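What follows is a single structure, written as structure tokens, with notes after it.
From a predicted model like this one, the values you see are computed outputs, not experimental measurements. Just the heavy atoms: all of them, side chains too, but no hydrogens, waters or symmetry mates, feed the values below.
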Amino acid sequence: MDKECPASIVNYMINCPYFKKCGSCAYATDDYEKSLRLKIAKIHKLFPEQKEIELLPSKPYHYRHKVIYSFFTDKKGEIKAGLYSENSHRIVEIKDCLLHSKESLAIIDDVLKLANSFKLTAFNDRTYKGLLRHLQIRTSYSDRKVLLTFVLGDMVFKGSSNFISELVKKHGEIVGIIFNYNNRHTSVVLGQKEKTVYGRPFLRDKMGPLTFEITSKSFYQVNPEVAYKIYQDAIELSEIKDTDTVLDAYCGTGTISLFAAQRAKRVVGVEINDSAVMSANKAKRLNMIDNVTFICSDVIDYMQKERFDVVFTDPPRSGMSVGFIKTLLKIKPSRIVYISCNPETMKRDLSLFKDQYYIGNIKFYDQFAFTDHLESLVLLKRKR
């Protein structure tokens, strides 16, 4: 896609009553086509040397498959739920977010009705008293099943059995309900202690040919449809051969590793978070893939231990660390596939590779419609 958007895109118009209070959507007053044009203009300004801009659009509405609501009590004593306003600790009541999955919207509506009929209490972040603090709703893309995680400020939930029974009667798509306990003074949503009180503690979701189990704490893309497209393109760009050894740096739960394994001789996924490595190994067994090894280690330390033909990296918004870049330049993989959630830090990082690598055309993805976020993908090929 260049400066003009394809005519096939429907001219969506978002009319959000929460926009000014919430602040999550940078383009909430614009139609979707216009938001794409504004993003393309931003990309052109950031990468003026790139003449052709390819920006893959997303489905504008109801694409978020993970939602976290926070509870509060209004002036009338009624429990309400919403999202934290941008850069604040103030909860904005949200009744119908156009980005959230339709399942989550229906469920939070019934949760609030039940909470008020059961005379439950909302957690107060000033007194640190009250029961209902947050509700995380995860929806599988492939079969629309739902996993709920109630974050509670009190371990005593009187009437919980009846509450759960009523909720499940209304929503047969719920496959599991978890009670997570967190009454700490923290902005971290989930606490350490939790138990499954209904069904199973995970969702199953399919992304292409692969199946993943998603728990309350799993990292999994909130827009799986676009994420799958990014992974498909990343694998195609990498030109993996059946003789290649591949490194998936900072592999998380191993999604890219498992896709790469379908072409490579061997894949090593390295991640310092041990719970993520456990999830990656579970996905490996679930998909019966035996040419992947997941290592719990510091990536910079490990990547110098063997030779890699291809390296995948998907760093946080801060981009690649200087130490990681220096190590990549030292071990000299023939191809580096760089996935980024921040074009600004990607541009900074790419400037450090240009002497040793050819930098391909960058592809962009509107993974989070109406927000100012962009995903990007580029292949770096080592100069001979």
Inset, instruction - Please determine if D244 and R263 form a salt bridge, counting it only when a charged side-chain N lies under 4.0 Å from a carboxylate O. - result: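 Not counted as a salt bridge, because no side-chain N and carboxylate O are separated by less than 4.0 Å.
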Under a 3.5 Å cutoff, is there a donor and acceptor pairing between the side chains of [X] and [Y]?
{"X": "N342", "Y": "S340", "value": "no"}
{"X": "D366", "Y": "Y32", "value": "yes"}
{"X": "S140", "Y": "D205", "value": "no"}
{"X": "Y69", "Y": "H100", "value": "yes"}
{"X": "H171", "Y": "D110", "value": "yes"}
{"X": "N124", "Y": "T73", "value": "no"}
{"X": "D96", "Y": "Y18", "value": "no"}

Parallel, tilted or perpendicular: which describes the rings of [X] and [Y], with under 30° parallel and over 60° perpendicular?
{"X": "H373", "Y": "F368", "answer": "perpendicular"}
{"X": "Y302", "Y": "F308", "answer": "tilted"}
{"X": "F212", "Y": "F259", "answer": "tilted"}

Please report the closest heavy-atom contact between [X] and [Y], naming both atoms and the distance.
{"X": "L258", "Y": "A283", "result": "CD1-CB, 3.6 Å"}
{"X": "S238", "Y": "V337", "result": "CB-CG2, 3.6 Å"}
{"X": "T139", "Y": "V146", "result": "OG1-CG2, 4.0 Å"}
{"X": "R204", "Y": "T211", "result": "CD-CG2, 4.1 Å"}

Inset, instruction - For residues Y250 and F324, establish whether the separation of their ring centroids is below 6.0 Å. - result: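 Ring centroids of Y250 and F324 are less than 6.0 Å from each other.
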Inset, instruction - May I ask you to check whether Y141 and Y228 place their ring centers less than 6.0 Å from one another? - result: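 Y141 vs Y228: aromatic centres not under 6.0 Å.
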Would you find a donor on one side and an acceptor on the other, under 3.5 Å apart, between the side chain of [X] and the backbone of [Y]?
{"X": "R382", "Y": "K332", "value": "yes"}
{"X": "S35", "Y": "Y27", "value": "no"}
{"X": "S85", "Y": "K21", "value": "yes"}

Inset, instruction - Apply salt bridge (charged side-chain N to carboxylate O under 4.0 Å, His left out) to K80 and E93, showing your working. - result: CA-CA 7 Å; K80 300 289 181 69; E93 182 184 6; 3.7 Å; yes
Inset, instruction - Taking the six-membered ring of F364 (Phe, Tyr or Trp), confirm whether the NZ or CZ of K42 is under 6.0 Å from its centre and within 45° of its axis. - result: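 So K42 doesn't make the cation-pi contact.
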Legend entry - Quiz item: cation-pi between K66 and Y220, 6.0 Å / 45°: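 So K66 doesn't make the cation-pi contact.
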Inset, instruction - With rounding to the nearest 0.5 Å, note down the distance linking CG in L237 to CG in L377. - result: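 If we round to the nearest 0.5 Å, L237:CG and L377:CG are 5.0 Å apart.
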Inset, instruction - List the steps, then state whether salt bridge (charged side-chain N to carboxylate O under 4.0 Å, His left out) holds for E49 with K347. - result: CA-CA 12 Å; E49 70 283 0; K347 180 177 181 178; 5.3 Å; no
Inset, instruction - Sort out for me which residue in R285, K282, R138 forms a salt bridge (Lys or Arg N to Asp or Glu O under 4.0 Å) with E213. - result: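 Passing option: K282.
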